[in-house]
Amino acid sequence: MGMKRTALLVGATGLVGESLLRLLLADDEYEKVVVLARRRLMLDHPKLEQHHVDFDNLGPFVSLMRAKDVFCCLGTTIKKAGSQEEFRKVDYGYPLRVAEIAVSQDATQFLIVTAIGADPRSRIFYNRVKGDVERAVIELSFATTHIFRPSILLGDRRESRQGEKLGIVVMKMLSLFMIGPWHKYHPIKAVTVAEAMVAAAKSYRVGVNIYESDAIQRMVGLNS
Ligand SMILES: NC(=O)c1ccc[n+]([C@@H]2O[C@H](COP(=O)([O-])OP(=O)(O)OC[C@H]3O[C@@H](n4cnc5c(N)ncnc54)[C@H](OP(=O)(O)O)[C@@H]3O)[C@@H](O)[C@H]2O)c1
């Protein structure tokens, strides 16, 4: 298909987003990657166009957000955000605003990382927020929506998250017992999620596609 693609990426400074940005820049099918971030990336590349933004006020950037493929890797933790309300703003409010603008700019596909257990009816606040954002994005009816629900992410994080580190150790130990339906709880590399996102974007699959963590692994040819 001779058509070159354009991508818009939010969350490019994060664990998944950083990997995704590298993959998109290296991919010949993408001629331009627009990144919106609250801080400058330590990266220059001829295909990269970056804008320093405040996600509470995206109005001035709408016309710069024109891309067919929109990738969202935004997110925080309740601890980092400081309150449930602030967490919801980053994990629900910002992705939704980006998605709404993407619709207005004629995007055809929206790809978002949520999390394992995402469910608007969950009793766990975190899972409920992730489920709510999925539902709200689906309601926008992009031609294609890809939702990725990874288990705990592995990768080199610059900041130290003690709780998460402990979680990874425990999950790795428990992985031995995670068979059958539990398989999807295996920790997953952030770069694997990024690779699956690019593969999905290039799959020409239409409608709503939801990938659980084990399916994400399989998309890039990994068994667990
Ligand atoms: N960590 C896990 O184990 C795990 C497991 C399952 C799902 N997830 C979800 O997967 C997604 C990607 O996770 P990740 O670990 O790659 O995320 P991450 O490393 O924490 O990166 C999050 C991204 O969101 C941006 N961001 C956070 N708060 C912001 C704010 N107030 N305003 C503007 N930008 C903000 C960050 O920008 P800055 O660099 O400027 O902070 C960064 O680009 C998230 O939705 C996360 O909830 C994570």
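When a ligand or atom number is given, it counts from 1 through the structure's own listing order. Residue numbers run from 1 in the order of the sequence given.
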Without placing hydrogens or testing angles, list every side-chain donor-acceptor pair under 3.5 Å for residues 24-32, not counting sequence neighbours.
unit_1: Asp27; atom_1: OD1; unit_2: Glu29; atom_2: N; d: 2.8
unit_1: Asp27; atom_1: OD1; unit_2: Lys202; atom_2: NZ; d: 3.3
unit_1: Asp27; atom_1: OD2; unit_2: Lys202; atom_2: NZ; d: 2.6
unit_1: Glu29; atom_1: OE1; unit_2: Arg5; atom_2: NE; d: 3.1
unit_1: Tyr30; atom_1: OH; unit_2: Asp69; atom_2: OD2; d: 2.7
unit_1: Lys32; atom_1: NZ; unit_2: Glu49; atom_2: OE1; d: 3.3

Are there any N/O pairs under 3.5 Å between ligand 1 and the protein, and if so, what are their distances?
unit_1: ligand 1; atom_1: 1 (N); unit_2: Arg157; atom_2: NH2; d: 3.2
unit_1: ligand 1; atom_1: 1 (N); unit_2: Glu164; atom_2: OE1; d: 3.2
unit_1: ligand 1; atom_1: 3 (O); unit_2: Leu153; atom_2: N; d: 2.8
unit_1: ligand 1; atom_1: 15 (O); unit_2: Arg157; atom_2: NH1; d: 3.4
unit_1: ligand 1; atom_1: 15 (O); unit_2: Arg157; atom_2: NH2; d: 2.6
unit_1: ligand 1; atom_1: 16 (O); unit_2: Leu15; atom_2: N; d: 3.1
unit_1: ligand 1; atom_1: 16 (O); unit_2: Val16; atom_2: N; d: 2.8
unit_1: ligand 1; atom_1: 19 (O); unit_2: Leu15; atom_2: N; d: 2.8
unit_1: ligand 1; atom_1: 19 (O); unit_2: Arg157; atom_2: NH1; d: 2.9
unit_1: ligand 1; atom_1: 20 (O); unit_2: Arg161; atom_2: NH2; d: 2.9
unit_1: ligand 1; atom_1: 24 (O); unit_2: Gly75; atom_2: N; d: 3.3
unit_1: ligand 1; atom_1: 24 (O); unit_2: Gly75; atom_2: O; d: 3.4
unit_1: ligand 1; atom_1: 31 (N); unit_2: Arg38; atom_2: NH1; d: 3.3
unit_1: ligand 1; atom_1: 37 (O); unit_2: Thr13; atom_2: OG1; d: 3.1
unit_1: ligand 1; atom_1: 39 (O); unit_2: Thr13; atom_2: OG1; d: 2.6
unit_1: ligand 1; atom_1: 39 (O); unit_2: Arg39; atom_2: NE; d: 3.0
unit_1: ligand 1; atom_1: 39 (O); unit_2: Arg39; atom_2: NH2; d: 2.6
unit_1: ligand 1; atom_1: 40 (O); unit_2: Arg38; atom_2: NE; d: 2.8
unit_1: ligand 1; atom_1: 40 (O); unit_2: Arg39; atom_2: NE; d: 3.0
unit_1: ligand 1; atom_1: 41 (O); unit_2: Arg38; atom_2: NH2; d: 2.7
unit_1: ligand 1; atom_1: 43 (O); unit_2: Gly11; atom_2: O; d: 3.3
unit_1: ligand 1; atom_1: 43 (O); unit_2: Thr13; atom_2: N; d: 3.4
unit_1: ligand 1; atom_1: 43 (O); unit_2: Thr13; atom_2: OG1; d: 2.6
unit_1: ligand 1; atom_1: 43 (O); unit_2: Gly14; atom_2: N; d: 3.2
unit_1: ligand 1; atom_1: 45 (O); unit_2: Leu74; atom_2: O; d: 2.8
unit_1: ligand 1; atom_1: 45 (O); unit_2: Lys130; atom_2: NZ; d: 2.9
unit_1: ligand 1; atom_1: 47 (O); unit_2: Tyr126; atom_2: OH; d: 3.3
unit_1: ligand 1; atom_1: 47 (O); unit_2: Lys130; atom_2: NZ; d: 2.8

Revision key, fill the gap. Smallest heavy-atom separation, Phe110 atom then Cys72 atom, equals CZ-CB, 3.9 Å
Exercise for review: Just say parallel, tilted or perpendicular for the rings of Phe61 and His51, cut-offs at 30° and 60°.
Suggested key: tilted
Review point. Atom CD1 in Ile188, atom CD in Gln217: separation rounded to 0.5 Å?
Key: 4.0 Å
**Study point:** From Arg149 atom CZ to Lys130 atom NZ, the distance as rounded to the nearest 0.5 Å
**Key:** 11.5 Å
Point to revise | Rounded distance (nearest 0.5 Å) linking atom NZ of Lys79 with atom CD of Glu164 | key: 10.5 Å
